Amino acid sequence: LCRYVVSNQSQMKVLLIQMPFGAVERPALGISLLKAGLEMRDHDCQIRYLNLDFAAFIGLDLYNWIVDDIPYTSFAGDWCFTLPLYGRRPDVDWGYVKEILVDTWQRPQDQLEQLVWVREQTPAFIDACLLQIDWQRYDVVGFTSTFVQNIAALSLAKAIKTRFPKISVVFGGANWEDEMGVELHQRFPFVDYVCQGEADQSFPALIDALENGNELNLIPGILYRNGDQTAAQTAQARPVENVDNLPIPDFTDYYDALAIDPRLHAVSPTLLMETSRGCWWGAKNHCTFCGLNGNGIGFRSKSTQRALMELEYLSKTWDPLLIIMVDNILDMAYFHAFLPALAKKGDGRTPLFYETKSNLKREQVRLLREAGIHNIQPGIESLSDNILRLMRKGTTGLRNIQLLKWCHEYGVSVDWNLLYGFPGEAASDYQEIADLLPSIWHLMPPSACGPLRLDRFSPYHQCPEQFGLKNIRPLSVYRYLYPFDESVLMRIACYFDFDYEEGRYTHTFASEILPMIDRWSSEGNRGDLRVNDLGNTLLIQDNRKHHAPREFELSEYDRIAYLACDQITTPAQVVSVLERCYPSESFDTAEIEKSLNSHVENDLSVVKDGHFLALGVYNKYHENWHVCQEN
């Protein structure tokens, strides 16, 4: 192993870069953590948000259009930077326009012209970056690359290494995980080092080694080049065990960049924060389509004290409009201490976003709202029991509807996707969904609806034959981004095309419900099904779209039965509730089931396999929900 010649300076000077097309409204969490970690070791580290520079360069509206409105699996942003990386390749470039933008995504002519115009600006932008930054003052330049950033980052890295060959170029991020990073490292020799996996420990260790001339083979998670430029790889990176030991991310460079350029003053920042890493559900029951986490799915969460301290610091220091928790899933233990502590602080704090499981209880939804979590992404994905089973979601369609109902009542916004095209699904699954949609029209529709995507690291990708998938191949767009053969692209790609084995999936069963989903999502006024509990009577007002306005009054036993069905309930459980409320009386389960079915017939409830769920949303927080709880 070779030793590395380093500067005689007392500290390393490091520049970390966020390239297009990272979102302009939020700083990069990963490199903000790395900066804080390096400065704890007395290294000089800065972050340059060149995504902000490019947004100002081409115009903020146009930049955000590419980020938010162009389908990201078209990799339009990456394609724009192929020009400074490879030069002009007329046949390849216009092949991309025709096959990807026109044939696949049906982009109109004016959008094609806009993207081509942006692409023509990218060489000048790379040149401007070389002129505006004093690169010679830095020993190491690091690039983070996630989603549509890779080609832009490679373009600038190549230009830096050509002009300033003594600078060490380091890459990290999701695009460089596992064999993707190994292949990219081999194909782009101007990349000196790659940090794979969680780099909180490996990247500072790499900087220390470069400063002191130490060997690299003992640092887990590093790709590097020996003296003869052959690639070498160390052991797999070790995930951070105690996430309380992570530093607080340093967002100073981001806010300074926004303040300096008046063209960016319209940006409204939101901050990113993490209270956990990995996925506790995926660690025991990996969802079949999920490719998150790579090799770091093991779940670790911050203590309540640390999470509260960090949240308070970020809120007071930066006063963001929103803090997005990047956790894959909310730690259920947080319902016992962290969330009650947030709720106790009262109003006036920064609203939060979290990803959660969908099988939450009513009191947990209420606590989310009281804790300032105004928006969640609960991984609903479908309303069909069979499709959810195929996904390994560990929930049911009724549970998903139950959560949508409670979130509607408590004012918690829900982001969820409806996915289709899973091997093993049936036409009857979508008929089940179609039958449900008119009844739940008053609830939050999906934010997006689309087919199954085959992601690297997902069970579908790791064991396709077990699920009836075959002919796995990179998305065709990769041919236009990387000038390599199919075998190389298989190791670089994040997303893949595939075929179904015969009999597993023959056509789009979802096609009949897609227009219904579009209408559901696009209607501004979807009506409502409101319940007012008057004590002895439930007054139900129904003005959902699929019939004329109606009113119902439920009293005595019928009222209690409907209250009991606020959560998923069986007739036998309703009988138990009634017997607690009327201890001197007895109730026949068959008669109660008949009464519950009348609610279904009046479209006030839904039933699945003998389990009933009331659909009404209470006008105020439901003070009588406890009647449905068992002793």
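This structure is a prediction, so every number in the text was calculated from the model and none was measured. These numbers come from the heavy atoms of this one structure, side chains and all, not from hydrogens, waters or symmetry mates.
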A.B. asks: Where do Asp327 and Ser276 land on the side chain to side chain donor-acceptor pair (under 3.5 Å) test, with the steps shown first?
C.D. replies: CA-CA 6 Å; Asp327 305 36; Ser276 70; 2.7 Å; yes
A.B. asks: Taking only distance into account, with no hydrogens and no angle test, what donor-acceptor pairs under 3.5 Å do side-chain atoms of residues 239-246 form with protein atoms, sequence neighbours excluded?
C.D. replies:
from	atom 1	to	atom 2	distance (Å)
Asn242	OD1	Asp244	N	3.0
Asp244	OD1	Ser303	N	2.9
Asp244	OD2	Ser303	OG	2.7

A.B. asks: To the nearest 0.5 Å, what is the distance between CD1 on Ile151 and CG on Leu156?
C.D. replies: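 Between atom CD1 of Ile151 and atom CG of Leu156 there are 13.0 Å.
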A.B. asks: For the residue pair Glu183 and Met490, establish whether any side-chain heavy-atom pair is separated by less than 4.5 Å.
C.D. replies: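 No, every pair of side-chain atoms sits at 4.5 Å or beyond.
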A.B. asks: Out of curiosity, Asp110 CG to Leu112 CG, how far, rounded to the nearest 0.5 Å?
C.D. replies: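 Separation between the atoms: 8.0 Å.
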A.B. asks: Between Gln18 and Tyr254, is there a side-chain donor-acceptor contact under 3.5 Å, judged purely by atom types and distance?
C.D. replies: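 Their side chains do not contain a donor-acceptor pair, so the 3.5 Å distance test is not met.
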A.B. asks: As an exercise, state the distance from NE2 of His461 to SG of Cys290, rounded to the nearest 0.5 Å.
C.D. replies: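 Result: 14.0 Å between the selected atoms.
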A.B. asks: Taking the side chain as C-beta and beyond, is there a heavy-atom pair between Pro249 and Glu310 under 4.5 Å?
C.D. replies: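 Yes, side chains in contact.
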A.B. asks: Within the 4.5 Å heavy-atom criterion, are Leu342 and Leu352 side-chain neighbours or not?
C.D. replies: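 In contact.
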A.B. asks: Any donor-acceptor pair under 3.5 Å linking the side chain of Asn150 with the backbone of Ser145?
C.D. replies: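 Such a contact is absent between Asn150 side chain and Ser145 backbone.
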A.B. asks: Taking side-chain contact (heavy atoms from CB on, under 4.5 Å) as the criterion, tell me which of Tyr480, Tyr86, Trp79 meets it with Val92.
C.D. replies: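 Single side-chain contact (heavy atoms from CB on, under 4.5 Å) partner of Val92 among Tyr480, Tyr86, Trp79: Tyr480.
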A.B. asks: For Thr350 versus Pro320, what's the shortest heavy-atom pair and its separation?
C.D. replies: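 Heavy atoms only, the tightest pair is CG2-O, 3.4 Å.
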A.B. asks: What I'd like to find out is whether the side chain of Tyr460 reaches to under 4.5 Å of the side chain of Gln462, using heavy atoms alone.
C.D. replies: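 The answer is no; the side chains never approach within 4.5 Å.
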A.B. asks: Flag this pair as yes if the NZ/CZ of Arg187 is under 6.0 angstrom from the six-membered ring centre of Phe484 and inside a 45 degree cone about the axis; otherwise no.
C.D. replies: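 Yes; both conditions hold, so Arg187 lies above the ring face of Phe484.
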A.B. asks: Is the side chain of Gln233 donor-acceptor paired with the backbone N or O of Val182 at a distance under 3.5 Å, no angle test?
C.D. replies: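 No: the side chain of Gln233 does not pair with the backbone of Val182.
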A.B. asks: In Å, rounded to the nearest 0.5 Å, how long is the span from CD1 of Ile126 to CD of Gln121?
C.D. replies: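 One finds 12.5 Å between CD1 of Ile126 and CD of Gln121.
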A.B. asks: Does the side chain of Leu16 come within less than 4.5 Å of Phe203's, by heavy atoms?
C.D. replies: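 Yes, close enough: below the 4.5 Å cut-off.
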A.B. asks: Any side-chain heavy atom of Asp200 within less than 4.5 Å of one from Arg277?
C.D. replies: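 Sidechains of Arg277 and Asp200: in contact.
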A.B. asks: Are a donor atom and an acceptor atom from the side chains of Arg137 and Gln46 found within less than 3.5 Å of each other?
C.D. replies: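 Indeed, the side chains of Arg137 and Gln46 share at least one donor-acceptor pair under 3.5 Å.
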A.B. asks: Testing the basics here: between Asn175 and Cys494, what is the closest heavy-atom pair and its distance to 0.1 Å?
C.D. replies: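 Reported closest heavy-atom pair: OD1-SG, 3.7 Å.
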A.B. asks: What are the two closest heavy atoms between Leu29 and Leu272, and how far apart are they?
C.D. replies: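 Looks like CD1-O, 3.7 Å.
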A.B. asks: Taking CZ in Phe164 as the centre, count heavy atoms belonging to other residues, nucleotides or ligands within less than 6.0 Å. Is the count above 12?
C.D. replies: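 More than 12 heavy atoms, drawn from other residues, nucleotides or ligands, come within 6.0 Å of this atom.
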A.B. asks: Over all heavy atoms of both residues, which pair between Tyr334 and Thr275 is shortest? Give the atoms and the distance, please.
C.D. replies: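 Distance-wise, the nearest heavy atoms are OH-O, 3.2 Å.
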A.B. asks: Under the salt bridge (Lys or Arg N to Asp or Glu O under 4.0 Å) test, which residues partner Asp78, sequence neighbours left out?
C.D. replies: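 Partners of Asp78 by the salt bridge (Lys or Arg N to Asp or Glu O under 4.0 Å) criterion come out as none, since no residue qualifies.
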A.B. asks: Using 0.5 Å steps for rounding, measure from the CG atom of Asp53 to the CG atom of Asp261.
C.D. replies: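 Going from CG on Asp53 over to CG on Asp261, the span is 7.5 Å.
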A.B. asks: I want to know whether Tyr224 and Tyr193 have ring centres closer than 6.0 Å.
C.D. replies: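 Not under 6.0 Å, so no.
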A.B. asks: For the residue pair Phe54 and Phe21, is the inter-centroid distance of their aromatic rings smaller than 6.0 Å?
C.D. replies: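 Yes, close enough.
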A.B. asks: Minimum heavy-atom separation for Cys195 and Ala199, please, with both atom names.
C.D. replies: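 Scanning both residues, the minimum pair turns out to be CB-CB, 4.0 Å.
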A.B. asks: For a 4.5 angstrom cut-off between non-hydrogen side-chain atoms, does Trp176 reach Phe143?
C.D. replies: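 No, too far: nothing below the 4.5 Å cut-off.
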A.B. asks: Is the distance between the ring centroids of Phe75 and Tyr478 under 6.0 Å?
C.D. replies: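 Yes: the rings meet the under 6.0 Å criterion.
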A.B. asks: Taking the side chain from Asp250 and the backbone from Lys35, do they hold a donor-acceptor pair closer than 3.5 Å?
C.D. replies: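 Looks like no, no N/O pair under 3.5 Å.
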A.B. asks: As an exercise, state the distance from CG of Leu38 to CG of Asp44, rounded to the nearest 0.5 Å.
C.D. replies: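 With rounding to 0.5 Å, CG (Leu38) is 10.0 Å from CG (Asp44).
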A.B. asks: Kindly give the heavy-atom pair with the smallest separation between Met180 and Ala493, and that separation in Å.
C.D. replies: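 Shortest heavy-atom contact: SD-O, 3.6 Å.
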